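Below is one structure; the comments refer to it alone.
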Amino acid sequence: MKGKKIVLLLLVMVAVTQAFSQAGNAAVLTLINKSEQSFKEKVVSIPWARVIAAYPGIDTANLKIVNAANRQQINYQLEYAGNASIHQLLVQVNLPPRSEVKLLLQKAKPLAVATKSYGRFVPERKDDFAWENDKIAFRMYGKALENTPKENAYGIDVWVKRTSRMVINERYKKAEYHVDHGDGLDYYHVGLTLGAGNSMPYINDSIWYSKNFVGWKLLDNGPLRTTFQLLYDAWQVAGKSVKVTKTISLDAGSQFNKVVVDYQYEGNEPMPVVVGIIKRPQAGTMLLNEEQGVLGYWEPAHGADGTTGVACIIPYPIKSMQVDKTHLFAVTQINKSASFVYYMGAAWNKAGQITNAQQWFDHINQYRQQVENGLITTR
């Protein structure tokens with residue numbers, strides 16, 4: 001970042017050992033944490049080609065993965081990334097600092113795995129797209145909402161949670177998601193802003209908002225990772241036609257989404273874009289770190305609803321970070337030929353795990369180290 005050489009502080013790597021049973025019905029993969037960080041219920045991505053190299057006879061219809069040390073089942077997902085063939089093996093593991101875990105891949109029926117990430121299109125609520133994991137939930141707004149201007153919104157919405165259960169379907173069914181029934185609620189305000197970390201073109205010191213998404217595609221839907229695409233109609237940006245597709249992934253156990261933005265526009269020159277967080281009228285606690293590409297915000301308390309922390313991590317050279325009457329935001333510049341990748345997330349103090357600004361900012365910086373050092377899967 002900023003042209004500086006990044007020292008490798010953290011790496012989870014997959015070492016393949018040739019440990020087949022004589023019958024060819026098992027293989028071992030070793031996950032190694034060479035860092036000083038501890039990982040709890042971390043989703044690790046293993047390229048499928050590497051799995052096949054270790055276990056040529058793998059039967060995905062009869063695949064059980066266990067910790068070789070204690071024979072406890074390891075939860076996994078076959079990630080397809082919207083394709084017919086498997087893209088990666090996702091496993092959820094605990095990795096203490098400087099530790100390793102050997103995964104035994106067996107030909108056997110696994111036990112049922114709880115769903116820890118989920119998303120869906122919600123046509124019954126004016127074309128929302130909502131998604132969640134066992135920590136937090138979000139939504140984006142679809143075309144139908146534009147017909148109700150007083151409700152229309154551009155940014156990313158946060159639905160806070162204090163349960164590991166999947167709750168968005170229950171909340172939509174009750175149609176009372178602004179009320180806390182013991183598992184959280186939606187009290188986050190978005191409006192005609194970037195909300196909790198949306199991105200848009202930024203030309204002539206202005207944010208050029210697209211309208212709401214017009215199409216969607218679900219690429220993977222749990223139990224450990226949910227990935228989907230949102231498609232947008234072209235709109236005018238400083239006299240040029242711009243079109244965008246946004247691909248969002250949320251892993252089990254994570255406060256953060258990975259956001260991949262692909263722009264199409266006239267010409268080949270780079271384009272400035274903004275990533276931002278809506279600012280509240282009351283005082284909150286802010287973290288703006290241009291050098292590390294971090295925007296952090298611990299909002300002011302919202303009465304009995306509690307406090308939400310929001311953050312964006314932008315692993316690109318930052319042109320500027322600013323605070324105005326509406327946003328905390330970062331401006332960077334993207335190349336037309338490459339996807340723009342960043343991370344946005346949120347946490348709620350009443351979930352009981354991250355309860356103040358310092359804890360939230362520490363969590364952001366730990367996650368940033370993971371991003372910098374290659375732990376986050378790229379597609």
Side-chain angles (χ1 to χ4, degrees), residues 10-35 39-96 99-119 131 133-134 166 217-229 247-254 258 260 370 373-379:
L10 179 60
L11 177 64
V12 170
M13 60 178 286
V14 181
V16 180
T17 64
Q18 302 299 320
F20 302 102
S21 70
Q22 290 184 350
N25 291 328
V28 172
L29 297 176
T30 303
L31 303 184
I32 304 170
N33 178 12
K34 291 188 174 181
S35 78
F39 296 93
K40 184 178 180 181
E41 297 184 338
K42 173 69 178 176
V43 175
V44 178
S45 305
I46 307 172
W48 190 244
R50 186 165 292 178
V51 177
I52 293 296
Y55 193 4
I58 192 169
D59 177 2
T60 57
N62 294 281
L63 175 62
K64 184 175 183 179
I65 303 177
V66 299
N67 185 320
N70 59 23
R71 291 301 193 267
Q72 294 295 308
Q73 177 171 298
I74 299 291
N75 293 336
Y76 74 88
Q77 175 183 333
L78 302 178
E79 183 188 35
Y80 286 83
N83 299 310
S85 57
I86 299 170
H87 176 56
Q88 296 187 119
L89 172 66
L90 310 178
V91 293
Q92 189 174 36
V93 296
N94 296 324
L95 282 166
S99 68
E100 68 178 46
V101 59
K102 293 185 182 296
L103 308 181
L104 179 60
L105 282 62
Q106 302 174 319
K107 187 174 183 178
K109 287 292 184 183
L111 302 175
V113 176
T115 296
K116 297 183 179 181
S117 71
Y118 173 76
W131 69 104
N133 66 2
D134 49 344
M166 303 296 100
K217 183 178 180 181
L218 197 54
L219 305 183
D220 290 282
N221 202 9
L224 300 181
R225 175 176 294 164
T226 292
T227 303
F228 60 94
Q229 289 182 335
T247 305
I248 300 174
S249 296
L250 180 63
D251 283 0
S254 178
K258 177 182 179 181
V260 181
Q370 297 176 31
N373 293 295
L375 278 179
I376 306 302
T377 303
T378 56
R379 306 178 62 207

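Note that the coordinates shown come from a computational prediction; the quantities given were computed from them, not determined experimentally. As a basis for the values below, the full set of heavy atoms in this structure was taken, side chains included, without hydrogen atoms, waters or symmetry mates.
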Tell me yes or no: between the side chains of T30 and K102, is some donor less than 3.5 Å from an acceptor? yes
Examine the side chains of N83 and S85 and answer whether a donor and an acceptor come within less than 3.5 Å of each other. no
[Y] side chain reached by [X] side chain, heavy atoms, under 4.5 Å:
X    : Y    : answer
I58  : W48  : yes
V101 : N67  : yes
I248 : W131 : yes
Y80  : I86  : yes
K109 : K64  : no
Q88  : Q77  : no
L103 : V66  : no
L89  : I65  : yes

Of all heavy-atom pairs between [X] and [Y], which one has the smallest distance, and what is that distance?
X    : Y    : answer
P110 : Y76  : CG-OH, 4.1 Å
I74  : V91  : CG2-CB, 4.0 Å
G119 : N221 : N-OD1, 2.9 Å
E79  : T227 : OE2-OG1, 4.4 Å
Q92  : A252 : NE2-CB, 3.7 Å
D220 : L78  : OD1-O, 4.1 Å

Check this for me: does any side-chain nitrogen of one of D134 and K116 sit under 4.0 Å from a carboxylate oxygen of the other?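 No salt bridge links D134 with K116.
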Whether the side chain of [X] engages the backbone of [Y] through a donor-acceptor N/O pair (distance < 3.5 Å, no angle test) should be reported.
X    : Y    : answer
Q229 : T247 : no
N75  : L224 : no
S117 : T226 : yes

Derivation and outcome, side-chain contact (heavy atoms from CB on, under 4.5 Å), residues F39 and V93: CA-CA 8 Å; F39 296 93; V93 296; over 6 Å; no
As a quick check of understanding, evaluate side-chain contact (heavy atoms from CB on, under 4.5 Å) for K258 and D251, giving each step before the final call. CA-CA 9 Å; K258 177 182 179 181; D251 283 0; over 6 Å; no
How many angstroms lie between atom [atom1] of [X] and atom [atom2] of [Y], to the nearest 0.5 angstrom?
X    : Y    : atom1 : atom2 : answer
S99  : I32  : OG    : CD1   : 9.5 Å
Y118 : L250 : OH    : CG    : 14.0 Å
Q72  : L111 : CD    : CG    : 9.5 Å

Checking Q370 against S35 for the side-chain contact (heavy atoms from CB on, under 4.5 Å) test, could you report, in this order, the C-alpha distance in whole Å, the side-chain angles of both residues, the deciding distance, and whether it holds? CA-CA 10 Å; Q370 297 176 31; S35 78; over 6 Å; no
Within the supplied structure, the quantity of interest is the number of heavy atoms (other residues, nucleotides, ligands) at a distance under 6.0 Å from K107 NZ; does it exceed 12?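 For K107, atom NZ is not crowded (no more than 12 foreign heavy atoms under 6.0 Å).
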